[in-house]
**Q** 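Dropping the structure in here first, questions after.
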2 protein chains.
Amino acid sequence: MKPTVHDIAKIAGVSLATVDRVLNGRPGVRSVTRGRVEQAITSLGYVRDLAAANLAKSRTYSFVFILPANDNSFMIGLHEEVRGAVARSSSERTDIRIVDVPPFDAGALVVALETVLAEKPAGVAFVAIDAPEIRAAAERLRQAGIPMVTLVSDLPDSSRDHYAGIDNIAAGRTAGSLMGRFLSGPFLAERGATVAVLAGSMLVRDHRERLEGFSTVIDQAYPNVHILPVLEGRDDPALTETMIADALRRNADIAGIYSLGAGNRGLIRALHKVRVARRPLVIAHELTASTRAALADGVIDAVLNQDAGHEVRSAIRVLKAKADGLPVLAAQERIRIDIFLKDNLP
Amino acid sequence: MKPTVHDIAKIAGVSLATVDRVLNGRPGVRSVTRGRVEQAITSLGYVRDLAAANLAKSRTYSFVFILPANDNSFMIGLHEEVRGAVARSSSERTDIRIVDVPPFDAGALVVALETVLAEKPAGVAFVAIDAPEIRAAAERLRQAGIPMVTLVSDLPDSSRDHYAGIDNIAAGRTAGSLMGRFLSGPFLAERGATVAVLAGSMLVRDHRERLEGFSTVIDQAYPNVHILPVLEGRDDPALTETMIADALRRNADIAGIYSLGAGNRGLIRALHKVRVARRPLVIAHELTASTRAALADGVIDAVLNQDAGHEVRSAIRVLKAKADGLPVLAAQERIRIDIFLKDNLP
DNA sequence: CAAATTTTGATTTACGTACCTCAGATTTTC
DNA sequence: GAAAATCTGAGGTACGTAAATCAAAATTTG
């Protein structure tokens, strides 16, 4: 039988009230007595029954998710997953609130974090922007003892407790490796190949990191692949379409395209206008309705994906654990880079 | 505030005892009264608080995991993950027992299932063998109302409630697609290429399915790739090593190897003895210490993996849900095929 | 040494559900 | 219409923990 507080009281020769005071760090216990109780706790190997404790406290975990009001499919999907978690709230003892902020706006994110700080929730998840003022705001939240998880985009060297997202450098490396291997042959041969990179904005950390990983692998392992200057499409379909169309017109020898940002609809539209035989090899990020269709059609060759549902559920698990002072299962919380070819689409 | 049984009693104008009788399907309630109570339940949107209920019942979920006592790295890792779950038992209200059975032995598995049936656990997970007598045993478990999950290897068209493992046909297709794309170029050109397939045993369903997926893609999309007759290494390192060495000697033009079974140590040893310039392209399954090292060394080019930890945790979540008659989150429980290149090793 | 303060014990209620007993009411059966 | 069977209500205890109250004991302070 699992030991209970009653067993501790009996062994330590104190009352339930004293055990409770020790367990919950309440004042009014002499240090000798506290020692006896702690001794009993360790000797019995007592672990508090979280379910019973939460029941007694009639506790609900109040979490806040701060999400950019982006209109690309990935962010919309992320929103949906959070709403799904809200729907499951009652059976998971959580009370999740969504706060929308304008995208790529550090000032707005700071304001949101400050507002959240004021209401002292049990935890906060947010899509970080890599800026010093965000780090400062995060530090204030940490001082207030509010667990924090960054979602999708990280804030390294900050006070966040955890990052629920993929390793973007590794994602870029993977894309580079696939690009190099897929190109070796039909295009590359001895004469080399040209590759275009399409990003949303180089101001965003994830995009910079993906590019970094991609370039590293290409430079080291595929020296005769030449990377063109990065195209920044601001994740905007219309802009992206014209940029890609232009690029393909100017550089007739583009053999591959790595789209490391969101908003691939424009890219796909531009690709559909290219003669099949002359289509470049394309690697993109995020499995959405449009990239999935393009993958099935053969317009896109590979898609690297992060599962928004997993990220949201992981963030919630981690926030709960942090709120309870419990350890997290690192292996369970590692968000993986999914590689989809048209043959392993779920 | 979430409605409780007390609210139901008040609304329906009955006592707590009657509500309890309705909720738990106990006898002794006239159908008119039962109707009133059920009406109140739906109108309030009542959902039973599982944590409180389990506390009151002082319930623990007793699960049995039946695992083949295989000595390959993957199965050893699977064992370890289940042991990890056993270690977490106390805080998860589970009581997990591991039953070892000899591998590839349908008779022994039937005996194990029958023994398990006798002790009526709250759920069973097992690595299935695709045989009619196993289906019959599974049907008996279902009749007894014991939730069942197949692990790693499925038993389609049976009474199992869920399969916690990857889609092996899709895995084979993915391997075929990678093989075809990677080969197109340095080897393939116009003259075609020869590929060897190494399996454990064609009697095992997963291996058959992987081969099926692989062959389909190669035949359809890469007609000038020629697949040699399957080598069955029985997942035995020594045997595998000699088989691969022999095959490479006899067929000097082997451009690729697809190892779809476990026990890759022998394969790797054989590959290390081949001159670097003449090494074939290799795609293997399961990320273990040896395949990881081989991937880093460039001896293996890609590894398809299923995460044993995820499979075990998923099986437990599903068994719990089935035991409670709750729905499962399909998206959360889908086990993904991880593709590892040397650039995205975790 | 008395008064004030701190520490401790004993007891109680609560969380939401399960499950038990017993008495009283209602319905069914003969 | 009485006896038997069936339903229903009221009340309690339990699960393991939290948290509150109040009194008693021990300690410190003036």
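Each chain gets a letter, A, B and so on, in the order its sequence line appears, and its residues count up from 1.
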**Q** Going through the checks in order, is the salt bridge (charged side-chain N to carboxylate O under 4.0 Å, His left out) test met by B/Asp307 and A/Arg334?
**A** CA-CA 12 Å; B/Asp307 190 308; A/Arg334 209 192 65 246; 5.0 Å; no
**Q** Would you grab the first and last nucleotide of DNA chain C (5' to 3') that comes under 4.0 Å of any non-hydrogen atom in chain B?
**A**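 Going 5' to 3' along DNA chain C, contacts run C/dG16 to C/dT27.
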**Q** Can you name the residues that form a side chain to side chain contact (heavy atoms under 4.5 Å, CB included) with A/Ser58, not counting sequence neighbours?
**A**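 Partners of A/Ser58 by the side chain to side chain contact (heavy atoms under 4.5 Å, CB included) criterion come out as none, since no residue qualifies.
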**Q** Using the C1' atoms of the five pairs at each end, what is the angle between the end axes of the helix from C/dC1-D/dG30 to C/dC30-D/dG1, to 10°?
**A**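 It comes to 30° between the two terminal axes.
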**Q** Is B/Met75 close to B/Pro68 at the side-chain level, that is, under 4.5 Å between some pair of heavy atoms?
**A**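 Yes - at least one pair of side-chain heavy atoms lies under 4.5 Å apart.
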**Q** Show me the pairs that pass salt bridge (Lys or Arg N to Asp or Glu O under 4.0 Å) and involve residues 3-18 of chain B, at least two apart or across chains.
**A**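 Residue pairs with at least one partner in residues 3-18 of chain B: there are none.
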**Q** Holding to side chain to side chain contact (heavy atoms under 4.5 Å, CB included), I want the full list of residues that pass it with A/Gln306, two or more places apart in sequence or in another chain.
**A**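 A/Gln306 satisfies side chain to side chain contact (heavy atoms under 4.5 Å, CB included) with A/Phe74, A/Val152, A/Ile166, A/Arg210, A/Glu286, A/Glu311 once adjacent residues are dropped.
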**Q** Quick check on contacts: within residues 7-14 of chain B, what sits under 4.0 Å from DNA chain C by heavy-atom distance?
**A**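 The answer is none.
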**Q** Find out whether A/Ile66 and A/Val127 are in side-chain contact, i.e. whether some heavy atom of one side chain is under 4.5 Å from a heavy atom of the other.
**A**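 Sidechains of A/Val127 and A/Ile66: no contact.
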**Q** Write down the protein N/O and nucleotide N/O pairs, taken from nucleotides 18-21 of chain D, whose separation is under 3.5 Å; answer none if there are no such pairs.
**A**
residue : atom : partner : partner atom : Å
D/dA18  : OP1  : A/Arg48 : NE           : 2.8
D/dA18  : OP1  : A/Arg48 : NH2          : 3.0
D/dA18  : OP2  : A/Asn24 : ND2          : 3.4
D/dA19  : OP2  : A/Arg26 : NH1          : 3.0
D/dA19  : OP2  : A/Arg26 : NH2          : 3.3

**Q** List the residues meeting side chain to side chain contact (heavy atoms under 4.5 Å, CB included) with B/Ala106, not counting sequence neighbours, and say none if there are none.
**A**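 For B/Ala106, the residues satisfying side chain to side chain contact (heavy atoms under 4.5 Å, CB included) (neighbours in sequence not counted) are B/Ile129, B/Ala131, B/Glu133, B/Ile134.
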**Q** Mind jotting down which residue pairs meet the salt bridge (Lys or Arg N to Asp or Glu O under 4.0 Å) criterion with at least one end in residues 113-129 of chain B? Sequence neighbours excluded, please.
**A**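 Qualifying pairs: B/Arg97-B/Glu119, B/Glu114-B/Arg140.
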**Q** Sequence neighbours excluded, which residues qualify as salt bridge (Lys or Arg N to Asp or Glu O under 4.0 Å) partners of A/Glu333?
**A**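 Scan of A/Glu333 (salt bridge (Lys or Arg N to Asp or Glu O under 4.0 Å), adjacent residues dropped) gives A/Arg317.
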**Q** Partners of B/Ile76 by side chain to side chain contact (heavy atoms under 4.5 Å, CB included), sequence neighbours excluded?
**A**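 Once residues adjacent in sequence are excluded, the partners of B/Ile76 under the side chain to side chain contact (heavy atoms under 4.5 Å, CB included) criterion are B/Glu80.
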**Q** Does A/Tyr61 reach the side chain of A/Ile316, with side-chain heavy atoms less than 4.5 Å apart?
**A**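 The answer is no; the side chains never approach within 4.5 Å.
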**Q** Does anything in residues 35-56 of chain B form a salt bridge (Lys or Arg N to Asp or Glu O under 4.0 Å)? List the pairs, not counting sequence neighbours.
**A**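 Only A/Arg93-B/Asp49 qualify under salt bridge (Lys or Arg N to Asp or Glu O under 4.0 Å).
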